J.: 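Mind having a look at this structure? Questions to follow.
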2 protein chains.
Amino acid sequence: MSQTVDRALSILPLLAQGPADLGQVAESLGVHKSTALRLLRTLHEHGLVHRQQDQRYRLGARLFALAQEAVENLDVREIAHPYLTALNERIGHTIHLAVYEEGEVLYIDKVESRYPVRMYSRIGRPVAITVAAVAKLLLADLPEAERRAVAMKLDYPPYTPRSTPNAAAFLKELATVREQGWATDLGGHEESINCVGAPIRGADGRVVAAMSVSAPNVVVTAEELLTLLPQVRRTADAISREYSGTAPTKDTA
Amino acid sequence: MSQTVDRALSILPLLAQGPADLGQVAESLGVHKSTALRLLRTLHEHGLVHRQQDQRYRLGARLFALAQEAVENLDVREIAHPYLTALNERIGHTIHLAVYEEGEVLYIDKVESRYPVRMYSRIGRPVAITVAAVAKLLLADLPEAERRAVAMKLDYPPYTPRSTPNAAAFLKELATVREQGWATDLGGHEESINCVGAPIRGADGRVVAAMSVSAPNVVVTAEELLTLLPQVRRTADAISREYSGTAPTKDTA
DNA sequence: AATGAGCGTTGCGTGATGTGCAACATCCAT
DNA sequence: ATGGATGTTGCACATCACGCAACGCTCATT
């Protein structure tokens, strides 16, 4: 890996948190100001970084454009969206769509309870990977080796008493999820929130995305939420069929 | 400018056009394959590029996550404020900045006529949503469905004879505003006060905020106030550019 | 005004670091 | 089996990125 590029790219997440001046960037990277300046200039020339008139640096328009392209390349999202809104109109609760990439699980779409808007709320944020239903679905489908590797190097924050406590429990849960073909998160992230989720599969049977329905238990109990599971699975299957081409392929090749 | 970083960043727009394999990347950059490999690896480690099953490279979802995080941490108010005070110093009248949130329109900044001091008189308070210029601008940009839903469940208080009387009239007004890209409130809230406003847009073109200039018609007539429209729009556009990270400065090219 | 602190910027000598090469590893089609 | 196309590795060279130190600038303080 290239040191220079590595440093330059490390600036991006830094600036994503908010504007920063040259000194702050240099300090965060642990390099001399002149070095940071050169890196920032290069990023600036490519439009990834923008300089506001107080001279502080921010992420630039080019990065937003690239992000747009990147998400357009995730064609699962495009295909799934109408199904998600349709399901949302029937059952009303919040619906998430997530993908696994490079050790992370990311929300790539969200349909808010009630309104079909607010699409850009928490989309893009990494998921609470050890507890979320969608995360379990995505990780459960990884090859044994990678699954173990990922599970081992995760942290297991005790969000609630029902959070997944450690790697062993997580792997066991993943095995269950893998077998039954659906997943839940019953108060594992926030005490009062329950989720049920189902996988979306590509033509080769591999899980390419996962969707879930979330609701606070003041609105529906966990048991009631589970009665929605068939609808969630049917929706996920419908998306899978369209994504992998119209033919309702069954067996994993 | 750093050559290595420059080359690495040049890969991103390349991949934005679609997936590419190592050879194609190397050729496009005019470098040896091994060099391209190292750059791609570094990008990969930062999650900016993703390797799909056929080993070709494409843009990574991390880009999306970064952009998302960046916009969440962006503060329109902070960015807009210097522009608002600058405009205020030129034209003197009261200037408002407002955003839409959860069915409401809220003032988030205000520069008082005459004094460039920030007065937190009504900041944070909901706007007279059926008549204010900023409210029209913000609601006009909502998706059709939500716009109708909001318009329907609003009250239409007859502040003055010129107030918006009902949902139908309001929706018609919103259509006009949407089309022309600016809005007015001519005595719709208080008989003697007129406003002209313009939208502030984010990188994706969506309206993230709206600004307006207000003046009592004992100081300037409605016609005179309208002559300020170009300045208001220019200011709003400048804020939009700054907000979305579009570089206004051009020198070394 | 004068002083100084803080910040961004510049030019430069040094050597760490990125570079291309060539050989190797895989895979697939012939 | 054989060849070609593609991704990967290790290495010697010199390019290119590094930190330093000095400069210019703005702003606040005296």
Side-chain angles (χ1 to χ4, degrees), chain A residues 1-12 14-15 17-60 102 143 145-146 204 206 253, chain B residues 1-12 14-15 17-60 78 81-82 85-86 89 116-117 242 245 247-253:
Chain A
M1 45 177 166
S2 159
Q3 181 187 75
T4 317
V5 178
D6 185 49
R7 286 172 170 172
L9 297 184
S10 300
I11 294 176
L12 298 178
L14 194 72
L15 294 185
Q17 296 171 11
D21 62 30
L22 179 62
Q24 294 170 327
V25 172
E27 193 190 5
S28 292
L29 292 185
V31 300
H32 196 269
K33 284 186 302 179
S34 59
T35 302
L37 180 64
R38 230 171 324 103
L39 297 177
L40 282 166
R41 276 225 250 264
T42 310
L43 289 167
H44 181 76
E45 254 182 33
H46 284 257
L48 297 183
V49 154
H50 173 69
R51 195 151 200 201
Q52 31 190 44
Q53 69 268 43
D54 61 356
Q55 293 207 321
R56 290 190 304 168
Y57 293 93
R58 245 232 98 243
L59 294 186
E102 316 291 339
E146 190 178 1
D204 56 359
R206 292 209 43 185
Chain B
M1 323 111 219
S2 160
Q3 183 187 73
T4 317
V5 178
D6 186 48
R7 286 173 170 172
L9 297 184
S10 300
I11 293 177
L12 297 178
L14 193 72
L15 294 184
Q17 298 170 5
D21 62 31
L22 180 60
Q24 294 169 322
V25 172
E27 193 190 5
S28 293
L29 292 184
V31 299
H32 196 270
K33 283 185 304 179
S34 60
T35 302
L37 179 64
R38 230 171 326 102
L39 298 177
L40 281 166
R41 274 224 248 267
T42 310
L43 289 167
H44 179 80
E45 261 181 26
H46 285 258
L48 299 187
V49 306
H50 177 66
R51 198 149 197 204
Q52 38 190 33
Q53 307 86 302
D54 61 358
Q55 293 206 318
R56 292 192 305 167
Y57 295 92
R58 67 163 183 74
L59 294 182
E78 188 186 342
H81 194 74
T85 54
E89 277 167 21
V117 192
E242 177 76 33
T249 46
K250 279 302 294 176
D251 38 5
T252 52

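No hydrogens, no waters, no symmetry mates; every other heavy atom, side chains included, goes into these values. Protein chains get the first letters and strands the later ones, always in sequence-line order, with residue 1 at the start of each. Just so you know, these numbers come straight off a predicted model, no measurement behind them.
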J.: With sequence neighbours left out, write down each residue that passes side chain to side chain donor-acceptor pair (under 3.5 Å) with B:Glu78, or none if nothing qualifies.
T.: A:Arg56

J.: Once you round to the nearest 0.5 Å, how far does CZ of B:Arg41 lie from CE of A:Met1?
T.: 10.0 Å

J.: Which residues satisfy the side chain to side chain contact (heavy atoms under 4.5 Å, CB included) test with B:His46, sequence neighbours excluded?
T.: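 Side chain to side chain contact (heavy atoms under 4.5 Å, CB included) check on B:His46 returns A:Asp6, A:Leu9, A:Ser10, B:Thr42, B:Leu48.
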
J.: Verify side chain to side chain contact (heavy atoms under 4.5 Å, CB included) between A:Leu43 and A:Leu15, making sure each step is shown before the conclusion.
T.: CA-CA 12 Å; A:Leu43 289 167; A:Leu15 294 185; 5.9 Å; no

J.: Among residues 20-28 of chain B, which residues get a heavy atom nearer than 4.0 Å to DNA chain C?
T.: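 Of all residues in residues 20-28 of chain B, none places a heavy atom under 4.0 Å from DNA chain C.
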
J.: When all nucleic acid strands are considered with a 4.0 Å heavy-atom cut-off, which category describes B:Arg51: base, sugar-phosphate, or nothing?
T.: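 Sugar-phosphate only.
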
J.: List the residues meeting side chain to side chain contact (heavy atoms under 4.5 Å, CB included) with B:Ala36, not counting sequence neighbours, and say none if there are none.
T.: B:Leu22, B:Val25, B:Ala26, B:Val31

J.: Starting at atom CD of A:Gln55, determine the distance to atom C1' of D:dC27, rounded to an integer number of angstrom.
T.: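 In whole Å, D:dC27 C1' lies 13 Å from A:Gln55 CD.
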
J.: Take the C1' atoms of the five end pairs on each side of the helix from C:dA1-D:dT30 to C:dT30-D:dA1, derive the two axes, and give their angle rounded to 10 degrees.
T.: 30°

J.: Taking only nitrogen or oxygen atoms into account, show me every contact under 3.5 Å that the protein makes with nucleotides 9-13 of chain D, one pair per line with its distance.
T.:
unit_1 : atom_1 : unit_2  : atom_2 : d
D:dT9  : OP2    : B:Arg41 : NH2    : 2.5

J.: Go through the structure and list residues passing side chain to side chain contact (heavy atoms under 4.5 Å, CB included) with B:Gln3, not counting sequence neighbours.
T.: B:Arg7

J.: Please tabulate, one pair per line, each protein N/O and nucleotide N/O from nucleotides 26-30 of chain C that are separated by under 3.5 Å, including the distance.
T.:
none

J.: Roughly, in whole Å, what's the span from CG in A:Leu43 to C1' in D:dA17?
T.: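 Rounded to the whole Å, the gap is 15 Å.
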
J.: List in numerical order all residues of residues 1-11 of chain B for which some heavy atom is under 4.0 Å away from an atom belonging to DNA chain C.
T.: B:Thr4, B:Arg7

J.: Return the value, rounded to whole Å, for the distance between atom CZ of B:Arg38 and atom P of C:dC21.
T.: 13 Å

J.: For B:Gln55, what residues pass the side chain to side chain contact (heavy atoms under 4.5 Å, CB included) criterion, not counting sequence neighbours?
T.: B:Arg51

J.: Given atom CG of B:Leu40 and atom P of D:dT6, what is their separation to the nearest angstrom?
T.: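 Distance, rounded to whole Å: 15 Å.
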
J.: List for me each residue that meets side chain to side chain donor-acceptor pair (under 3.5 Å) alongside A:Gln24, sequence neighbours excluded, and say none if there are none.
T.: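 So A:Gln24 forms no side chain to side chain donor-acceptor pair (under 3.5 Å) with any residue.
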
J.: Roughly, in whole Å, what's the span from CG in B:Leu29 to C1' in C:dG18?
T.: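 Rounded to the whole Å, the gap is 14 Å.
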
J.: When rounded to the nearest 0.5 angstrom, what distance separates OH in A:Tyr57 from CG in A:Leu39?
T.: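 Between atom OH of A:Tyr57 and atom CG of A:Leu39 there are 10.5 Å.
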
J.: Rounded off to whole Å, could you give me the CG-to-C1' distance for the B:Leu39 and C:dT17 pair?
T.: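 Interatomic distance, CG of B:Leu39 to C1' of C:dT17: 13 Å.
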
J.: What side chain to side chain donor-acceptor pair (under 3.5 Å) pairs are there with at least one residue in residues 29-40 of chain A, not counting sequence neighbours?
T.: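 Listed by first then second residue: A:His32-A:Ser34.
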
J.: Please give me the minimum heavy-atom distance between A:His50 and A:His44, naming the atom from each residue.
T.: CA-ND1, 4.3 Å

